[in-house]
Structures are given as structure tokens and as C-alpha cells.
Amino acid sequence: MGLKLEIELERLREPAVAAAVARLIEVLGGVPAGRAAPAPAPSPVAAPAPVAVPEAAPAPAPRKAPEARPEPAPLRILPDPPELSPRERYIEFVEQLPQRSRDFLDLVRARKLLKISDAMRELDIDAPKAMGGLTGSIGRWAPLRGVQIPYIATTEEGERAWRWIGGPGADEDADAEADADADADADADAAEAPEAVLAALRDGGHDKSVRFLELLYERGALERGEVLQALGLAAPKSMGGVTEPVNRVVREQGLDAVFLPAKNAAGQRMWLAPGAPVPAGVTVDG
């Protein structure tokens with residue numbers, strides 16, 4: 001048997017009616033008086049999906065510091081043995097050279113001016129670049145042995161060439177003495193460097209200017225390359241410090257010029273001693 005109640009909505013606004021209806025609903029629902037209806041069970045909440053955490057990259061291994069490179073050994077310049085004369089030192093230097101380098105030195109000394117084509121033919125060398133190794137051994141060892149290279153590189157008729165200039169110990173043999181005697185006979189009338197100019201230059205401490213004049217009057221003509229090598233100068237502009245003191249002394253003493261500026265066939269600067277014969281192709285300034 002069922003029970004049906006009809007309650008006007010207006011009556012539900014009354015507190016007593018509303019309370020009675022609520023109690024009736026509780027009783028009908030089986031909830032004892034004084035106890036509240038159990039709260040509905042919470043709906044299950046899905047556990048959050050685990051978040052994938054990337055593994056930490058392994059720390060890079062410490063880089064090994066580069067090993068310090070050893071400092072290059074300083075170039076050892078062999079001291080000049082005090083018991084050796086310049087000639088003995090030069091002979092010792094030549095004896096330690098390869099045979100072809102020694103033959104090359106003999107050729108340059110004998111010819112005075114040796115073109116590369118003649119050197120290759122006489123030394124039986126096929127490739128011009130092979131001459132670089134031959135002259136390189138001379139250029140490398142001469143300073144270490146305290147020996148002046150007795151030639152300079154130049155050009156002749158458009159070819160690479162070498163001109164013999166000698167040096168301490170390089171010309172002190174029988175052949176060189178014979179050549180010197182022949183040169184002395186040929187140049188018997190050549191003027192000597194004016195001693196008054198040389199004395200003034202020495203007093204002023206211009207040793208390179210003194211050596212320049214001495215060489216010039218010995219040979220009669222000097223090319224710039226010869227002077228730079230003989231005086232140990234690197235830059236052509238250094239020649240101003242050599243010739244200017246000479247010109248100043250000449251002006252102060254009221255003398256005629258003691259050297260003549262000129263140019264060779266290639267247009268390179270050179271100097272002539274007054275009264276010396278002018279070589280072919282050389283033009284005297286002014």
C-alpha cells in the first residue's frame with residue numbers, strides 16, 4: 001500500500017511545514033532520528049599520470065689541459081776560437097761544407113762574377129732550384145762559424161748571379177795574392193782615399209763611412225748590395241748614414257768630391273772612385 005501526499009508550494013515556505021516534510025523524508029529513507037544521512041561517497045579521482053622526467057645528461061669529463069710545448073732551443077752561435085786566425089777559420093768553415101758548395105765557392109772566386117747558367121753547367125746541376133740548397137748551406141753555416149759570406153747575389157744579363165767580394169780569410173791564398181798583384185799593376189794610377197777625410201771621419205766616430213771609402217778606393221766601384229753586405233747593413237736607406245758624413249767632411253774641408261754616385265745597367269745605385277774607369281753600362285749622376 002502506498003502513501004501519496006500533496007502539499008501546496010506556498011505551505012512549504014512555512015518553516016514548520018518544511019521541517020516536518022524533511023523529517024518525513026528521513027524516516028521513509030530509513031535514517032534514525034537524530035542522525036544525518038551519510039554523505040555520498042566521493043567519486044574516484046584518477047591518479048595523475050606520472051610525468052616522465054628526462055634523465056640528466058652525464059657531466060662532461062674534465063678536459064685535459066694541453067701540454068705546454070717545450071721552448072725551442074736558442075740558436076747557438078759558435079764562438080770564434082781565439083787561437084784561429086781569420087784564414088784558419090775560413091778554411092775550417094769551407095772544409096765542413098758539402099763538396100758541391102766548396103766547388104761553388106771556388107767557381108765564384110775564380111770567375112769573380114758567376115751566372116747561374118754557368119754554375120749549373122760547371123757543377124753538373126740540372127734544376128735551378130738545386131742551387132738554393134747549395135748556397136743555403138753556405139748562408140746557414142757562415143754566420144755560425146764567424147765567417148763573412150764572400151759573395152753577394154746579383155743579376156747579370158737578366159740571370160741570377162753571384163759576385164765575389166771576398167772577406168777576412170777568404171782571399172789569403174796564392175791565387176788571391178796573384179790576382180791582387182795583377183789588380184795592383186792595373187790600378188797603379190788609381191787615387192787613394194784622402195787621408196784628411198778619413199781622419200776626420202775617424203775622429204767623428206763614423207767607422208762605417210771610413211770602411212766605405214776604403215773599399216771604394218780599393219775596388220774603384222761599389223754596388224749598393226756589396227756595400228750593405230760588407231758593412232752589415234740591412235736596409236738600403238741605411239746608406240744615407242754612411243755617405244752623408246763623407247759629404248759633410250768634404251764640404252767643411254773645401255775638397256772635391258771623393259766619390260761619384262752612379263747607376264748600373266739595371267738602374268741600381270752604385271758609387272765610383274774619382275779617376276777609376278767607368279764600367280760598361282754604368283751612368284754617372286750629374
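In this chain, residues are counted from 1 in sequence order.
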Between Glu244 and Lys237, does a salt bridge (charged side-chain N to carboxylate O under 4.0 Å, His left out) hold up when you go through it step by step?
-> CA-CA 12 Å; Glu244 180 53 33; Lys237 65 180 180 181; over 6 Å; no

Ile152 with Leu107, same ILVMFWY side-chain cluster at under 4.5 Å = no

Does Val242 share a hydrophobic cluster with Ile165, counting links as ILVMFWY side-chain heavy atoms below 4.5 Å and allowing steps through other members?
-> no

For residues Met120 and Asp126, report the shortest heavy-atom separation together with the two atoms involved.
-> CE-O, 3.1 Å

State yes or no: do Phe212 and Leu215 share one hydrophobic cluster built from I, L, V, M, F, W and Y residues joined by side-chain heavy-atom distances below 4.5 Å, directly or via other members?
-> yes

Tyr151 side-chain N/O to Lys112 backbone N/O, donor-acceptor pair under 3.5 Å = no

Can you list the residues that meet the salt bridge (Lys or Arg N to Asp or Glu O under 4.0 Å) rule with Asp103, with sequence neighbours excluded?
-> none

Within a reach of under 6.0 Å around CG of Asp203, are more than 12 heavy atoms found that belong to other residues, nucleotides or ligands?
-> yes

Where Arg269 and Pro261 come nearest, the two heavy atoms and their spacing | NH1-CB, 3.5 Å

Gap separating the CZ atom of Arg100 from the OG atom of Ser137, nearest 0.5 angstrom = 12.0 Å

Indicate yes or no for a side-chain donor-acceptor contact from Ser85 to the backbone of Glu88 under 3.5 Å, with no hydrogens or angles considered.
-> yes

What is the minimum heavy-atom distance between Gly241 and Ser209, and which atoms define it?
-> O-OG, 4.0 Å

Identify whether the distance between the nearest side-chain nitrogen and carboxylate oxygen of Arg111 and Asp106 falls below 4.0 Å.
-> no

What's the shortest heavy-atom distance between Glu156 and Ala161, and which atoms?
-> CB-CB, 4.0 Å

Taking it one step at a time, do Glu195 and Arg202 satisfy salt bridge (charged side-chain N to carboxylate O under 4.0 Å, His left out)?
-> CA-CA 10 Å; Glu195 185 57 38; Arg202 291 190 187 100; 3.0 Å; yes

When rounded to the nearest 0.5 angstrom, what distance separates CZ in Arg211 from CG in Leu216?
-> 11.5 Å

To the nearest 0.5 Å, tell me how far Ser117 OG sits from Arg160 CZ.
-> 12.5 Å

Grab the two heavy atoms, one from Ala142 and one from Ile149, that are nearest each other, plus how far apart they are.
-> CB-CG1, 3.8 Å

With the side chain counted from C-beta on, respond yes when Arg224 and Met239 share a heavy-atom pair under 4.5 Å apart, and no when they do not.
-> yes

Taking C-beta and beyond as the side chain, do Leu201 and Pro245 meet within less than 4.5 Å on heavy atoms?
-> yes

What do you reckon, is NZ of Lys263 surrounded by more than 12 foreign heavy atoms closer than 6.0 Å?
-> no

Cluster question for you: counting only ILVMFWY and a side-chain heavy-atom cut-off of under 4.5 Å, with indirect links fine, are Val108 and Val94 together?
-> yes

Do the side chains of Phe93 and Ile91 join up, straight or via other hydrophobic residues, at under 4.5 Å, putting them in one cluster?
-> no

Test applied, side chain to side chain contact (heavy atoms under 4.5 Å, CB included); reference residue, Phe259; option that passes from Leu272, Leu222, Val246 = Val246

Leu97 side chain reached by Leu105 side chain, heavy atoms, under 4.5 Å | yes

Min side-chain heavy-atom separation Arg219-Glu226 under 4.5 Å | yes

Could you name each residue pair satisfying ring pair (Phe, Tyr, Trp, His ring centres under 6.0 Å) that touches residues 229-251, not counting sequence neighbours?
-> none

Do you know which two heavy atoms are closest between Gly167 and Gln148, and how far apart they sit?
-> CA-NE2, 3.8 Å

Quick one: does Phe104's side chain get under 4.5 Å of Met131's, heavy atoms only?
-> yes

Within-4.5 Å side-chain heavy-atom neighbours: Leu260 and Asp285 | no

Carboxylate-amine/guanidinium contact Arg163 Glu223, below 4.0 Å | yes

Are Trp164 and Pro150 side-chain neighbours, meaning at least one heavy-atom pair lies under 4.5 Å?
-> yes

From CG (Leu213) to CG (Leu198), nearest 0.5 Å = 5.5 Å

Are the side chains of Leu113 and Trp162 in touch, meaning some heavy atoms are under 4.5 Å apart?
-> no

